[in-house]
Each structure stands twice: as C-alpha cells, then as structure tokens.
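Just below is one structure, and these are the notes that go with it.
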2 protein chains.
Amino acid sequence: MKMKDTHTHRSGCPINLGLEVFGDKWSLLVVRDMMFAGKRHFREFLASDEGISSNILADRLAKLVEAGVLTRAGDPEHKLKAIYSLTEKGIELLPIIAEISRWSRKYEPVDPVLARTGEARDRMGPDANQQQMAALRRLHLGATDQAPV
Amino acid sequence: MKMKDTHTHRSGCPINLGLEVFGDKWSLLVVRDMMFAGKRHFREFLASDEGISSNILADRLAKLVEAGVLTRAGDPEHKLKAIYSLTEKGIELLPIIAEISRWSRKYEPVDPVLARTGEARDRMGPDANQQQMAALRRLHLGATDQAPV
DNA sequence: CGCAATCGATTGCAAAACACAATCACTTGT
DNA sequence: ACAAGTGATTGTGTTTTGCAATCGATTGCG
C-alpha cells in the first residue's frame, strides 16, 4: 500500500504548476479526444492515432481524475463500462489547447484535414472558445449553469 | 553511436505536433525564463526555482534550437558565453504560456507573488499579448519590424 | 606568467518513466 | 456454457530523467 505524500510542488509558478498537471506527451491528447472526438471510454482513447499504450493511458486517466480534470463514473447500464467526463477545470483547458493548435498550424507540418477544426474556430472569432466550452458543459456537466441566450 | 532518424511524427494533429516540441516538464519553463526573467545564458536557466539539472537543460536547449524556437549565438565579447534568443516562433508561444498561467491561477495553488505578472496581463485587456510580444521582438530579434506608435 | 573562477556542457550511474505484448477478472450477449 | 468485450494490470526490456562529479576552454586578476 502506497501513501500519497501530499504533492510537493517544484515551485508556485503558474506555468510550472500547469506543467505538473499536463506537462507530458499524452495528457492533453486525452483531453483533446474528449473535447473534439467525443470519446468517453477507455477503449476509445486507446484507439487514437498516436497509439498510446494501455498502461500509460490508465496512468494518465487516473492522474487526470486525481487532478480534478476528469471524473470517472460507472455506466449504470453496463457495470464494466467506465465513463469519463470533463470537469469544469478540464473544460477550461480548451483555451490552452486552442492556442497550441493555432501555434502548430502556423509553424508545424500539420495534417490539413486535422487542422480544419482549429481553422473553423479561428474563423468564428473571439467567443468561439466560450461557445465550444458551453457545448462541452452541456455534454459533460449537465445543463444547469447556462444563462439563456 | 546512434543515428537520429529524421523525426517521424506520431500524427499530424496540431495538438500532438505542439506536444512533440514542448510537451515535457521543462521546455516551456526555459521559454518562460527567457520571456519574463530576461534570462539568456546557460547558468541563468540553471538557477531557476524548479532546479533543472545541467544535462537536461543542455538537452532542452539543443532541442529547442533544433525546433526553431530558440537560436544560439556566441557572445562576441566572451568566447565561452552562449547567448540564447527567442525566434518569432518562440515568441509566439506566449499566448500558450499566458493561457496556462490563467488556468493555473484559477485552479492551482499558485504563489501570489509569482501570479502578479499574469494578473497584470489580464488587466491589460485583449492586446496584452501583442504588446508583450512586440517588446520581446525588440529584445530578441532586432527592432526593424515595428510600425512606429 | 600563474592559477583560480567561470563558461557551457558532458559523463557515470541509479532511479523512474515509458513502450509493447500478454494477460487478468469481470460482465455482457447469444 | 462460452465467446466477445470491458477497464485495466503484469512482465520485460528500453529510454528518459535526476543527481553529482567533472570536463576543456576562456577569463579575470595578481
């Protein structure tokens, strides 16, 4: 049995604290798959293009749940199915992901097909993020914290 | 002797390609130190709060140079001193870093003193990033692509 | 000159994280 | 009963990281 010693941080710098949560090659890809591909189940994440292995995926899901970015719930219909949902904290990673997308589309050899999501967001203007986050809230949190338009 | 096989990407997804450049616990901290602490020399990066070790730092600097985020130049006065500068590609990481800062300040136990830089940027409004990036261009690139105010 | 201090790294070694394939216990569908 | 599907775990090598010591070259200073 291992005791989790209460998370001692390398520093209190905001950049550093963010990197301690998602500063690796896989965590944000899981969040991306939830946001843009609608994935909710282990096997779906496992099938992503980048080819994450199952032990790494299990580790990342657990860490993201512990960090409060995701929640894990059992599907009431299928006792073995775990459903992962974004929390508000996770949904608010979208602006970061959107900026990474913008940067890569400018400077890296992105696949034109995969770039379309980001391009569409750019064309939508400044409140694209808020609209997309609102949609994610409806899907992952429940619909109750929206003001009527 | 190991051969570096020409960078085959895990996927052409913009998020993934960004993470392949700076998706680790240290790369963005180096960029942060250049942007907000004015650091330009190996020994300065080495003295950051988070305590990077010298071999990791050397590796990250080399990778960031290879990725086109930084440039390395010899100080003409001191033959042993290397001066690292941000490229335009590196300067345009600022919106990503700013969003990470905003997210961590909302959700993580940041040091209030270290949070001030980000809070000030938030108070400046929507063109804070562009202003800060313009200042970085003057410092790192040369002054020639600025329109007069 | 002599020589310690400083420069950007490199080396050696142990520990941790990762990649990959096989497998697990359990549930579901038939 | 039993094959297929569920979210993982285990085992085994490889790679990356962390840490301390050290390197060769240059600089500062007497």
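Letters go in sequence order (proteins before strands), and every chain restarts at 1.
When the nucleotides dA19(C), dC19(D), dA8(D) are ranked by their closest atom to the side chain of S53(B), dC19(D) comes out on top. Distances were taken from every side-chain heavy atom of A82(A) (C-beta onward) to each of dC7(C), dC18(C), dG7(D); the shortest belongs to dG7(D). Here dA9(C) is the nucleotide among dA19(C), dG18(D), dA9(C) with the atom lying nearest to any side-chain atom of A58(B). Side-chain atoms of N55(A) lie closest to dC20(C) of the nucleotides dA20(D), dC19(D), dC20(C). With dG7(D), dT9(D), dG8(C) as the candidates, the nucleotide lying closest to the side chain of S54(A) is dT9(D).
Ranked by how close their nearest DNA chain D nucleotide is to the 5' end, Y84(A) and D24(B) are led by Y84(A). The residue among D59(A) and R10(A) whose nearest nucleotide of DNA chain D lies closer to the 5′ end is D59(A).
The distance from atom CG of L70(A) to atom C1' of dG7(D) is 15 Å, rounded to the nearest whole Å. Here the P atom of nucleotide dG7(D) and the CG atom of L64(A) are 16 Å apart, to the nearest Å. For the pair I56(A) CD1 and dT15(D) P, the interatomic distance rounds to 15 Å; values are reported in whole Å. Remark: P of dT6(D) and CZ of R40(A) are 16 Å apart, rounded to the nearest angstrom. Rounded to whole Å, the distance from CH2 on W26(A) to P on dA17(C) is 17 Å. In this structure, K25(A) places its NZ atom 13 Å from C1' of dT17(D), rounding to the nearest Å. In this structure, K81(A) places its NZ atom 15 Å from C1' of dC26(C), rounding to the nearest Å. The nearest whole Å value for the distance from the CG atom in L46(B) to the C1' atom in dG18(D) is 13 Å.
Between R102(B) and E99(B), at least one side-chain N (NZ, or NE/NH1/NH2) sits under 4.0 Å from a carboxylate O, which counts as a salt bridge. Using a 4.0 Å cut-off between a side-chain N of Lys or Arg and a carboxylate O of Asp or Glu, E119(A) and R105(A) do not qualify as a salt bridge.
For dA5(C), the OP1/OP2 oxygens have no side-chain nitrogen or oxygen of R43(B) closer than 4.0 Å. Regarding contacts with the backbone of dG7(D), a side-chain N or O of H41(A) is found under 4.0 angstrom from either OP1 or OP2.
In this model, no donor atom of one side chain and acceptor atom of the other lie less than 3.5 Å apart for Y84(B) and R40(B).
With L17(B) as reference, V110(A) is the one residue of L114(A), D111(A), I100(A), V110(A) to meet the side-chain contact (heavy atoms from CB on, under 4.5 Å) rule. The one candidate from I91(B), L86(B), D127(B), L93(B) that meets the side-chain contact (heavy atoms from CB on, under 4.5 Å) condition with M133(B) is I91(B).
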